Amino acid sequence: MDSGSTAWILASTAAVSLMVPGLALFYGGMVTAKSVLNMIMMTFGSVAVVGCIWILYGYSAVFGNSLGGAGLLGDVGEYLGMKGVIADDPHAVIPAAVFAAFQALFAALTTALICGAIADRMKFRAWMVFSGVWVTLVYLPVAHWVFAFDGKGVVGGWIVNKLHAVDFAGGTAVHINAGAAALALVLVLGRRVGWPARLSRPHNLPFVMLGAGILWFGWFGFNGGSALAAGNAASVVVLNTFAATCSALLAWLAVEKIRDGHATSLGGASGAIAGLVAITPSCGAVSPVGALVLGAIGGAVCALAVGLKYRFGFDDSLDVIGVHLVGGVVGTVLIGVLGTAQAPSGRDGLLYGGGLALLGEQTVGALAVLLYSFGVTWLIAKALDKVMGGIRVSPETEREGLDIRLHAESAYELTGAPGTGAVPREAPHPAGAVASTAGEGARAGAVPAAGEGAPAGGQEGSPAGDLTSAAPS
């Protein structure tokens, strides 16, 4: 047992756990004040559902010996209920228990990522059921394909062992998987009321920036911990993660400045996340300069991709598709171009004389996950919509806000003190504010017109956000 590596994975697990509140703040700040609690509850709720499933059979389905040696799914019964996982193995580098906890958070966060795409319009009960079904039928098989390595007497997943595609920390299993699922769920649910004619601003940009900062911190554990040892590989991964995030943030701001004439805090936060997404699969495959290049490409491409929803008419509320699906594909495929054998993954890409083989493997791996996740998710959403009598909230609930209607709570108790512009608690909920998120408006450079996402009564919210729609009805 390597005590240093064990300590590193324990610390990485703790860092990754902070990504849960980080994601909740990041998403919560981007929605309107009357739906922020619902967004946070969807994040934490899915983590809880997935955590229970992981203990019962999820870990076994991912890391159990592949059924029939096919590389498609692990033996669910091998570690059922964590059987044998807590036993001490002095020959292991790290305890199986800490590895199981570390990977549990990957499953939980992947599922939670999806909820940003369907903000403001999905029933909470339906989301919780969807989370459990989706992680079982989509995430667990895909994670087995990507994360389960062959071992002594053990057969792992087909993408990592037969295709030999490189994915150091989850560009396919996490980001492409969540992004493709988000697209399918968005298409089943449909657009929000008034979208795209009515766009509103994020209600709390400091939340968004704080959430992005916490996610950036946690990502060092997410990527660095995937080395599964305290050593040079983890060090290179952490360095590359930092480099790509910095260049992606600058690239997104540059696109904003050129396209819209201004660089925004929302753009900066989004650019950082785009860089983190893009470097996730490639953090152990590229050089630090390669990480700068990859991050810049990822940041710029994602900044442009978030506008595709207007062109094609799919309502991706918080740009999960534009950032996670597109960024995951960029980061995964570019390994075939920028990969270097000097990095921990040890594979040369096109620019380092490796030819087209690695590029082809990366492309096949990305497409396989994308198509499987999209197809199965669409079927799950359609089935749940029929079985549960609809998975979407009513238009009235959407307009009033999901916090009050679904959770009987309000994030902000505004008392209408003189000079604050706040709505008295006794007053009816202000009319004219549609429960839509503003990630799309600010990112696309559109400024909402009066009556189109502006606070009721024509009040202009502060640059940090809009709290005027927070009062309970």
Side-chain angles (χ1 to χ4, degrees), residues 8-31 36 39-51 54 58 98-117 119 131 135 139 143 147 167-179 181-182 206-228 234 237-238 240-242 244-245 248-249 268-281 283 298 318-320 323-325 327-328 331 439:
W8 168 240
I9 306 305
L10 285 168
S12 295
T13 302
V16 175
S17 71
L18 275 176
M19 295 176 73
V20 177
L23 183 64
L25 286 170
F26 184 70
Y27 279 174
M30 281 195 280
V31 299
V36 56
M39 195 75 264
I40 292 173
M41 283 290 288
M42 291 177 80
T43 303
F44 277 88
S46 59
V47 169
V49 170
V50 173
W54 186 260
V98 70
F99 176 71
F102 181 67
Q103 286 293 332
L105 287 162
F106 277 56
L109 285 163
T110 303
T111 308
L113 286 174
I114 301 169
C115 71
S131 296
V135 76
Y139 179 82
F147 293 145
D167 187 351
F168 196 88
T172 53
V174 176
H175 299 295
I176 294 176
N177 200 2
F207 269 19
V208 177
M209 296 295 288
L210 178 60
I214 294 172
L215 287 169
W216 192 344
F217 171 81
W219 231 291
F220 289 128
F222 195 94
N223 288 354
S226 294
L228 299 179
V237 164
V238 168
N240 284 345
T241 299
F242 180 71
T245 310
L249 191 157
S270 301
I273 300 303
L276 290 163
V277 169
I279 198 62
T280 295
C283 55
L318 306 185
D319 295 323
V320 177
V323 173
H324 293 276
L325 176 57

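Just the heavy atoms: all of them, side chains too, but no hydrogens, waters or symmetry mates, feed the values below. As the structure is a prediction and not an experimental result, all values here were calculated from the model.
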query: Within the distance-only criterion (no hydrogens, no angle test), does the side chain of Trp219 pair as donor or acceptor with the backbone N or O of Met19 below 3.5 angstrom?
result: no
Straight-line distance of Asp319 CG to Ile273 CD1, nearest 0.5 Å: 12.5 Å
- prompt: For Ser131 and Ser46, which heavy atoms make the closest approach, and how far apart are they?
  reply: OG-CB, 3.4 Å
message: Determine whether the aromatic ring centres of residues Phe106 and Phe222 are separated by less than 6.0 angstrom.
response: yes
message: Closer than 3.5 angstrom, by distance alone: can the side chain of Trp8 be matched with the main-chain N or O of Gly224 as a donor-acceptor pair?
response: yes
query: Do the non-hydrogen side-chain atoms of Thr13 and Val98 ever get within less than 4.5 Å of each other?
result: yes
Minimum heavy-atom distance Ala104-Trp54, with the two atoms named: CB-CD1, 3.3 Å
query: Can you check whether Thr241 reaches Leu276 side chain to side chain, under 4.5 Å on heavy atoms?
result: yes
query: What is the distance from atom CZ of Phe242 to atom CD1 of Ile279, rounded to the nearest 0.5 Å?
result: 13.0 Å
query: Any idea which heavy atoms bring Asn240 and Cys283 closest together, and the distance?
result: ND2-O, 2.9 Å
- prompt: About how many Å separate OG1 of Thr43 and CD1 of Ile114, when rounded to the nearest 0.5 Å?
  reply: 11.5 Å
- request: Starting at CG of Asp167, measure out to CZ of Phe147 and round the result to the nearest 0.5 Å.
  value: 6.0 Å
Check: Tyr27 side chain, Leu113 main-chain N or O, donor-acceptor pair, under 3.5 Å: yes
field: Val277 and Val323: CA distance, side-chain angles, deciding distance, side chain to side chain contact (heavy atoms under 4.5 Å, CB included) verdict
entry: CA-CA 8 Å; Val277 169; Val323 173; 4.3 Å; yes
statement: Value for CG (Leu25) from CE (Met39), rounded to nearest 0.5 Å, stands at 12.0 Å
statement: Scanning both residues in full, the closest heavy-atom pair of Ala112 with Val47 reads CB-CG2, 4.4 Å
- prompt: Do Val238 and Asn223 come within less than 4.5 Å of each other through their side chains, counting heavy atoms only?
  reply: no
- prompt: Taking atom CZ of Phe26 and atom CG of Leu210, what is their separation to the nearest 0.5 Å?
  reply: 11.5 Å
- line: Nearest heavy-atom contact between Leu249 and Gly268 is CG-O, 3.4 Å
- request: Could you pull out the closest heavy-atom pair between Gly221 and Val16, with the gap in Å?
  value: C-CG2, 3.6 Å
query: With side chains defined as the heavy atoms from C-beta onward, is the minimum distance between Leu325 and Ile176 less than 4.5 Å?
result: yes
message: Any side-chain to backbone donor/acceptor pair from Ser12 onto Ile9? Under 3.5 Å, distance only.
response: no
